[in-house]
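Reminder, nothing fancy here: chain letters follow the sequence lines and each chain counts from 1.
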2 protein chains.
Amino acid sequence: MSANTPAVKPVPTESPRERKRRETRQRIAEAAQRLFLANGYEGTTLDAIAAEAGISRRTFFSYFKSKDDIILFWRDVDSASLYADLLRTSPDVPPLDAVRDVMVKHIERYTTEQMTAVDNLMRSSEALLTRKQAYYAQQEQVLFDTLCEVWRQPERRAALRMVAMVSIGAMRLALQAWREQSGQRKPAASFLRDAFDSLKSEL
Amino acid sequence: MSANTPAVKPVPTESPRERKRRETRQRIAEAAQRLFLANGYEGTTLDAIAAEAGISRRTFFSYFKSKDDIILFWRDVDSASLYADLLRTSPDVPPLDAVRDVMVKHIERYTTEQMTAVDNLMRSSEALLTRKQAYYAQQEQVLFDTLCEVWRQPERRAALRMVAMVSIGAMRLALQAWREQSGQRKPAASFLRDAFDSLKSEL
DNA sequence: ATTATAAGTTGCACTAAGTGCATAAATTAA
DNA sequence: TTAATTTATGCACTTAGTGCAACTTATAAT
């Protein structure tokens with residue numbers, strides 16, 4: 001529940017203490033990422049991460065509550081910008097279209113290399129795969145909350161729940177289709193558009 | 001991936017060895033369930049489960065590959081019957097309606113007590129919650145495969161993927177709504193029906 | 001500046017999950 | 001009965017994660 005603090009942008013009033021804490025957290029996440037990519041998730045121990053980040057093993061646990069929490073750190077960082085975008089959209093646009101546009105725009109920022117690297121990492125461990133699925137569920141909740149911020153009519157809440165569910169689902173299926181295509185020639189964004197299109201036509 | 005063997009019904013040709021293995025697996029699952037309900041998930045060690053089931057700790061791992069795999073055992077047992085039902089439906093019915101009917105029928109078999117017990121168990125541990133989410137993703141895949149068995153036209157596969165995603169999602173949201181209602185007066189099945197209804201109307 | 005107070009860091013000991021390996025016991029096949 | 005193959009178990013080991021107490025560093029108060 002009390003997940004990762006999503007790496008807030010440097011708030012005007014940030015005490016030196018908070019700054020150092022944020023930097024250390026970042027440093028640990030970066031160290032872990034390097035090691036994960038080099039040796040895989042299972043092949044990287046907390047001792048190694050702590051050493052690479054220049055802290056003690058025990059201190060690690062005052063920054064992340066578990067090993068796989070590090071993964072969420074990165075995802076939180078970039079999904080935060082997605083929700084920020086969404087908050088800026090007008091309530092006149094249909095929610096599903098708004099989400100689609102924001103997601104497409106968001107996914108286009110990543111190169112194929114970045115995406116495959118993350119993807120391979122995720123697939124390197126059963127535990128991470130599991131965690132990724134749980135992450136989607138969590139994002140569905142966050143997306144729903146964000147949608148409620150923009151489209152505030154209480155009578156639409158049920159619909160917004162469906163929109164959130166269906167959008168995260170479309171995203172998941174799109175990424176899956178993108179991953180499974182041989183050669184990865186089509187960009188992920190186009191799979192995402194297709195997924196939203198079939199949502200409308202097939203239901 | 002290579003998950004639990006879903007507790008196959010006694011196949012005509014079952015060697016004594018296979019029978020004993022199946023029974024032991026069952027016994028472990030039952031022992032674990034008793035202990036989980038009594039002491040919570042985290043409060044139950046593998047040593048305790050092994051003792052309760054009358055096997056050694058080491059032997060446990062030749063029946064389940066991890067502690068939380070035990071949970072999947074039960075879910076697999078009862079979801080198997082759902083898919084069996086689905087396989088018996090006619091390809092003339094729209095897939096989404098077929099899934100809804102089968103799911104509703106399936107959920108009606110459980111009493112409120114059974115459902116709340118399982119639900120409380122799931123919520124007793126972060127790890128189980130995570131596992132449950134991952135389980136939904138797995139079920140989505142199984143449902144999709146089953147749908148493909150019934151509606152065999154290749155050109156419908158994309159639609160069936162959506163149907164699977166949306167159905168599991170509706171189920172999830174329905175159970176969530178059911179859980180969150182105060183007092184649990186309305187049965188879960190009616191939430192499920194509502195969820196499928198809003199799917200069609202809200203999209 | 002000095003001291004009190006709180007926050008952050010670390011080591012140590014401990015629990016519990018999970019794996020590899022070698023050996024013993026039990027089944028099935030010959 | 002004996003040989004071969006599974007299955008069960010004990011043992012040692014690794015790793016994640018937690019509680020606690022000592023120590024160090026930063027912030028606040030006098």
Side-chain angles (χ1 to χ4, degrees), chain A residues 1-5 13-29 31-32 35-36 39-73 124-131 134, chain B residues 1-5 13-29 31-32 35-36 39-73 124-131 134:
Chain A
M1 284 303 86
S2 75
N4 297 310
T5 316
T13 46
E14 188 189 38
S15 75
R17 238 179 204 167
E18 288 167 329
R19 193 184 62 93
K20 198 191 164 199
R21 230 188 134 67
R22 191 173 46 79
E23 286 173 351
T24 304
R25 195 175 153 84
Q26 179 81 24
R27 213 173 56 245
I28 297 173
L35 294 174
F36 286 164
N39 313 112
Y41 178 76
E42 311 278 6
T44 306
T45 67
L46 287 181
D47 281 305
I49 296 172
E52 176 87 6
I55 55 164
S56 80
R57 204 185 101 83
R58 191 64 187 79
T59 301
F60 170 87
F61 287 104
S62 93
Y63 285 93
F64 293 92
K65 73 170 199 269
S66 69
K67 189 180 173 184
D68 48 45
D69 245 40
I70 310 171
I71 301 297
L72 298 192
F73 175 80
S124 81
S125 154
E126 182 88 12
L128 277 191
L129 223 18
T130 302
R131 204 67 158 92
Chain B
M1 283 299 92
S2 75
N4 297 312
T5 317
T13 47
E14 189 189 37
S15 75
R17 235 181 205 161
E18 288 166 330
R19 193 184 60 94
K20 199 190 162 201
R21 223 185 141 67
R22 191 173 46 77
E23 286 172 351
T24 303
R25 193 176 154 86
Q26 180 82 24
R27 214 174 56 246
I28 297 173
L35 295 173
F36 286 164
N39 313 111
Y41 179 76
E42 311 278 7
T44 306
T45 67
L46 287 182
D47 281 305
I49 296 172
E52 176 87 5
I55 54 163
S56 78
R57 204 185 102 81
R58 191 64 187 79
T59 301
F60 169 87
F61 288 104
S62 94
Y63 285 91
F64 294 92
K65 73 171 201 264
S66 68
K67 189 180 174 184
D68 49 44
D69 244 41
I70 309 172
I71 301 297
L72 298 191
F73 174 80
S124 80
S125 154
E126 182 88 14
L128 278 192
L129 222 17
T130 302
R131 204 68 159 90

(request) Write down the atom of B:Ala134, the atom of A:Thr130, and the distance for their closest heavy-atom approach. (result) CB-CG2, 3.6 Å
(request) May I have the distance from A:Glu18 (atom CD) to D:dT25 (atom P), rounded to whole angstrom? (result) 21 Å
(request) May I ask you to test the B:Thr24-B:Thr59 pair for a side-chain heavy-atom distance under 4.5 Å? (result) no
(request) Please report the closest heavy-atom contact between A:Gln26 and A:Phe73, naming both atoms and the distance. (result) OE1-CZ, 3.5 Å
(message) I need the minimum non-hydrogen distance between B:Glu42 and B:Ser125, along with the two atoms involved.
(response) OE2-OG, 2.9 Å
(message) Is it true that A:Asp68 and A:Ser66 share a donor-acceptor pair across their side chains at a distance under 3.5 Å?
(response) yes
(message) Looking at A:Arg27 and A:Glu23, is there a salt bridge between them, counting it only when a charged N and a carboxylate O are closer than 4.0 Å?
(response) no
(request) Let me have a per-nucleotide readout for nucleotides 24-30 of chain C, 5' to 3', with B, S or -, counting only protein heavy atoms under 4.0 Å. (result) ---BS--
(request) Could you check how far CD1 of A:Ile28 sits from C1' of C:dG8, rounded to whole Å? (result) 12 Å
(message) If I compare all heavy atoms of B:Ala29 with all of B:Ile70, which pair ends up nearest, and what's the gap?
(response) CA-CG2, 4.0 Å
(message) Walk along nucleotides 11-21 of chain C from 5' to 3' and tag each nucleotide B, S or - by protein heavy-atom contact under 4.0 Å, base first, then sugar-phosphate.
(response) BB---SBBBBB
(request) Identify, between A:Tyr41 and B:Arg21, the residue whose nearest nucleotide on DNA chain D lies closer to the 5' end. (result) B:Arg21
(request) Using a cut-off of strictly less than 4.0 Å, decide whether A:Ser62 has a side-chain nitrogen or oxygen near OP1 or OP2 of C:dG8. (result) no
(request) Could you state the atom-to-atom distance from CZ of A:Arg131 to C1' of D:dA16 in whole Å? (result) 14 Å
(request) Take the protein atom OH of A:Tyr63 and the nucleotide atom P of C:dG8, then report the distance between them rounded to whole Å. (result) 7 Å
(message) Within the 4.5 Å heavy-atom criterion, are A:Phe36 and A:Lys67 side-chain neighbours or not?
(response) yes
